[in-house]
Protein chains: 2
Amino acid sequence: MARQSYPGGMTTEVPQDAAAQDAEWLRLDRQICFSLHAASRAFNGVYRAVLEELGLTYPQYLVMLVLWEHGETPVKKLGEHLRLDSGTLSPLLKRLEAAGLVHRERSTRDERSVVVRPTEQGGALRARALRVPRRIAAATGLTPEEIRDLRTLLDRLTTALDTAAREGVPDRG
Amino acid sequence: MARQSYPGGMTTEVPQDAAAQDAEWLRLDRQICFSLHAASRAFNGVYRAVLEELGLTYPQYLVMLVLWEHGETPVKKLGEHLRLDSGTLSPLLKRLEAAGLVHRERSTRDERSVVVRPTEQGGALRARALRVPRRIAAATGLTPEEIRDLRTLLDRLTTALDTAAREGVPDRG
DNA sequence: CGCAATCAAGTTGTGCACAACTAAATGGCG
DNA sequence: CGCCATTTAGTTGTGCACAACTTGATTGCG
C-alpha cells in the first residue's frame with residue numbers, strides 16, 4: 001500500500017530533484033483540494049435547496065435520517081453514526097427540539113446518557129422527506145453505478161484518512 | 001442525461017409503487033450522504049493536522065495556493081477560483097493579514113477592488129508548504145490513477161450539481 | 001451631464017465543525 | 001465503603017459557509 005509510483009515515475013524513495021517535483025505536486029494538490037472542497041459545497045448547496053421546504057439543514061437531515069431508520073437513539077450513538085461529537089450535536093439537537101421535531105430525555109438507567117427520539121411531527125416529516133433522495137440523485141447527473149463507485153471510493157478514502165489522522169501523517173514515506 | 005434507469009429498473013417516469021421505492025432510496029441516500037460528508041471531514045482533518053505546523057487552516061491554505069500560483073490577485077478573482085464569496089473571504093483575508101502572510105490594498109484604478117498579494121513572509125511559507133501535498137497523497141492511500149478518477153468524478157459532480165442548483169431541482173424527472 | 005443600475009467588498013446573523021474544557025454520573029479497585 | 005479514572009453531555013471559543021444587507025465606486029443610458 002505504501003511505496004507507490006507517482007507522476008514523474010517518482011517513488012516515495014528520496015527523489016533526485018525534489019524541488020521541481022514538489023512544485024508540480026503543489027499544483028496537483030491545488031486541483032484535488034479544489035475538486036473535493038467544491039464538490040462538498042456543491043452537494044451541500046443542492047441539499048440546502050431541496051431541504052429548505054422541509055425546514056431542515058443538511059446536518060439536521062442526516063440526524064433525522066438516523067432517527068427515522070433506528071428510532072430512539074442516545075446522543076452517543078448518533079455521534080458514532082454521524083462521526084460528530086457532542087459539541088456539534090448538542091446545539092443542533094437543541095434546535096431540532098425547538099422546532100418540535102425531536103424530543104430529548106435523560107435516560108433513567110444511566111443519567112449520563114440523553115436519548116433522542118422523533119416527535120409525532122418529526123415522524124410525519126419523513127413522508128415529505130421520501131422524495132428528497134430521488135431529486136438529489138437526479139441533480140448529480142450520475143448513473144447508479146457511478147454513484148456506487150463514488151461511494152466505494154469515498155469510503156476507502158475516509159478509512160485511509162482517518163487511519164492516517166490517528167497514526168500521524170508521516171513527512172516522508 | 002435525464003431519464004436514467006434506477007435500482008428497481010425504475011425510470012424517472014411516474015413509477016407504480018413509488019412509496020416502497022422511496023423508502024429504499026432513503027436508505028441509499030443516507031449512505032451516500034454519509035460517505036460524502038464523512039470523506040469531506042476526514043480530508044479536512046488530515047489537512048488540519050498537516051497544516052497545523054504552518055499555522056494555516058485548510059481554507060487559508062487554499063487561498064495561499066492561489067496566491068503562490070498567480071501572485072497578486074483581486075478578492076473577486078480569488079472568489080472565482082475558490083467559489084467563495086466576500087462574506088467568507090473578507091474575514092479570512094483579514095486573519096491572513098493579521099498573521100503577516102498577505103497584504104491587502106485597494107486598487108487605485110478601480111477603488112471598488114481590493115488586491116491581495118503574499119508578503120515576503122507569505123512567500124517564504126511556500127517553501128515549507130511544498131511537502132504538504134505528498135503527505136496528503138500518502139494519507140489517502142489511493143494510487144495516482146484513482147486520485148485522477150476521483151477528481152474527474154468530483155468535477156463532473158460539481159458541474160452537474162451547480163447546474164441543478166441554478167436551474168432549480170425538479171421534484172419529478 | 002445626471003441618475004439609476006450594477007458591481008466590489010465588507011458586515012451581520014445563523015448554523016456547522018472541532019478543540020478544549022466543565023459537570024455530573026458511573027464503574028472498578030484497594 | 002471511598003476514591004479515582006472513565007464516560008457522557010454540554011459549554012465556550014475559533015473559524016468557515018452562506019444568505020441578506022450596506023456602502024461606496026463605476027458604468028451606462030437618457
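Numbered from 1 within each chain, the chains take letters A, B, ... in sequence-line order.
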Subject >> Selection: residues 57-76 of chain B, any non-hydrogen atom under 4.0 Å of DNA chain C >> reply: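 Heavy-atom cutoff 4.0 Å gives Val75(B), Lys76(B).
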Subject >> Strand-adjacent residues in residues 100-113 of chain B, judged by heavy atoms under 4.0 Å from DNA chain C >> reply: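 Arg104(B), Arg106(B), Arg112(B), Ser113(B), in order of number.
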What is the distance, to the nearest angstrom, from the [atom1] atom on [X] to the [atom2] atom on [N]?
{"X": "Leu56(B)", "N": "dG15(D)", "atom1": "CG", "atom2": "C1'", "answer": "13 Å"}
{"X": "Asp85(A)", "N": "dT22(C)", "atom1": "CG", "atom2": "P", "answer": "17 Å"}
{"X": "His37(A)", "N": "dC18(D)", "atom1": "NE2", "atom2": "C1'", "answer": "12 Å"}
{"X": "Tyr47(B)", "N": "dC18(C)", "atom1": "OH", "atom2": "P", "answer": "16 Å"}
{"X": "Leu78(A)", "N": "dA9(D)", "atom1": "CG", "atom2": "P", "answer": "9 Å"}
{"X": "Asp162(B)", "N": "dC18(D)", "atom1": "CG", "atom2": "P", "answer": "10 Å"}
{"X": "Glu80(A)", "N": "dA9(D)", "atom1": "CD", "atom2": "C1'", "answer": "14 Å"}
{"X": "Arg41(B)", "N": "dA17(D)", "atom1": "CZ", "atom2": "P", "answer": "15 Å"}

Subject >> Residue pair Leu89(B), Val63(B): steps toward the side-chain contact (heavy atoms from CB on, under 4.5 Å) verdict >> reply: CA-CA 9 Å; Leu89(B) 284 175; Val63(B) 167; 4.1 Å; yes
**OP:** For DNA chain C, produce a single dot-bracket line, 5' to 3'. Pairs: Watson-Crick or G-U wobble, both distances under 3.5 Å. Symbols: ( ) within strand, [ ] crossing, | other strand, . unpaired.
**Re:** ||||||||||||||||||||||||||||||
Original post:
What do the steps show when you test Glu80(A) against Lys77(A) for salt bridge (Lys or Arg N to Asp or Glu O under 4.0 Å), and what is the final call?
Top reply: CA-CA 5 Å; Glu80(A) 287 169 6; Lys77(A) 280 286 177 196; 3.7 Å; yes
Subject >> Among Asp162(B), Thr88(B), Thr158(B), the one residue meeting side chain to side chain donor-acceptor pair (under 3.5 Å) with Arg83(B) >> reply: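 Among the candidates, only Asp162(B) passes.
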Original post:
In terms of hydrophobic clustering (I, L, V, M, F, W, Y; side-chain heavy atoms under 4.5 Å; direct or indirect links), are Val115(B) and Leu82(B) co-clustered?
Top reply: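 Val115(B) does not cluster with Leu82(B).
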Subject >> N/O donor-acceptor pair under 3.5 Å between Glu97(A) side chain and Arg104(A) backbone >> reply: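 Side chain of Glu97(A) to backbone of Arg104(A), a donor-acceptor pair under 3.5 Å: yes, one is there.
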Subject >> Between Ser40(B) and Ser40(A): side-chain donor-acceptor atoms closer than 3.5 Å >> reply: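 Per modelled atom types, Ser40(B) and Ser40(A) side chains form a pair under 3.5 Å.
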Subject >> Along DNA chain D (nearest heavy atom to each residue), the more 5'-positioned of Ser90(A) and Gly45(A) >> reply: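 With Ser90(A) and Gly45(A) compared, the 5'-side residue is Ser90(A).
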**OP:** For Leu84(B) and for Pro91(A), find the nucleotide of DNA chain D with the closest heavy atom, then tell me which residue's nucleotide is more 5'.
**Re:**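 With Leu84(B) and Pro91(A) compared, the 5'-side residue is Pro91(A).
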Heavy atoms only: give me the nearest [X]-[Y] pair and the separation to one decimal.
{"X": "Ala39(B)", "Y": "Leu161(A)", "value": "O-CD1, 4.4 Å"}
{"X": "His70(A)", "Y": "Thr73(A)", "value": "CB-OG1, 4.0 Å"}
{"X": "Pro118(A)", "Y": "Gly122(A)", "value": "CB-C, 4.3 Å"}

Original post:
Reckon Lys94(A) has a side-chain N or O less than 4.0 Å from the OP1 or OP2 of dT11(D)?
Top reply: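 True: Lys94(A) side-chain N/O within range (under 4.0 Å) of dT11(D) OP1/OP2.
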Original post:
Closer to the 5' end of DNA chain C via nearest nucleotide, is it Leu92(A) or Lys77(B)?
Top reply: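 Checking each residue's closest nucleotide, the 5'-ward one belongs to Lys77(B).
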Original post:
Do NZ/NE/NH1/NH2 and the carboxylate oxygens of Glu120(B) and Arg126(B) come within less than 4.0 Å?
Top reply: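 Salt bridge: no.
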Original post:
Is Arg48(A) salt-bridged to Glu53(A), going by a charged N under 4.0 Å from an acidic O?
Top reply: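 No, Arg48(A) and Glu53(A) are not salt-bridged.
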Original post:
How would you label the contact of Leu89(B) with the nucleic acid (heavy atoms, under 4.0 Å): base, sugar-phosphate, or nothing?
Top reply: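 Touches nothing.
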Subject >> Member of Tyr61(A), Tyr47(A), Phe43(A), Tyr58(A) meeting the ring pair (Phe, Tyr, Trp, His ring centres under 6.0 Å) criterion with His37(B) >> reply: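 The ring pair (Phe, Tyr, Trp, His ring centres under 6.0 Å) with His37(B) is passed solely by Tyr58(A) among Tyr61(A), Tyr47(A), Phe43(A), Tyr58(A).
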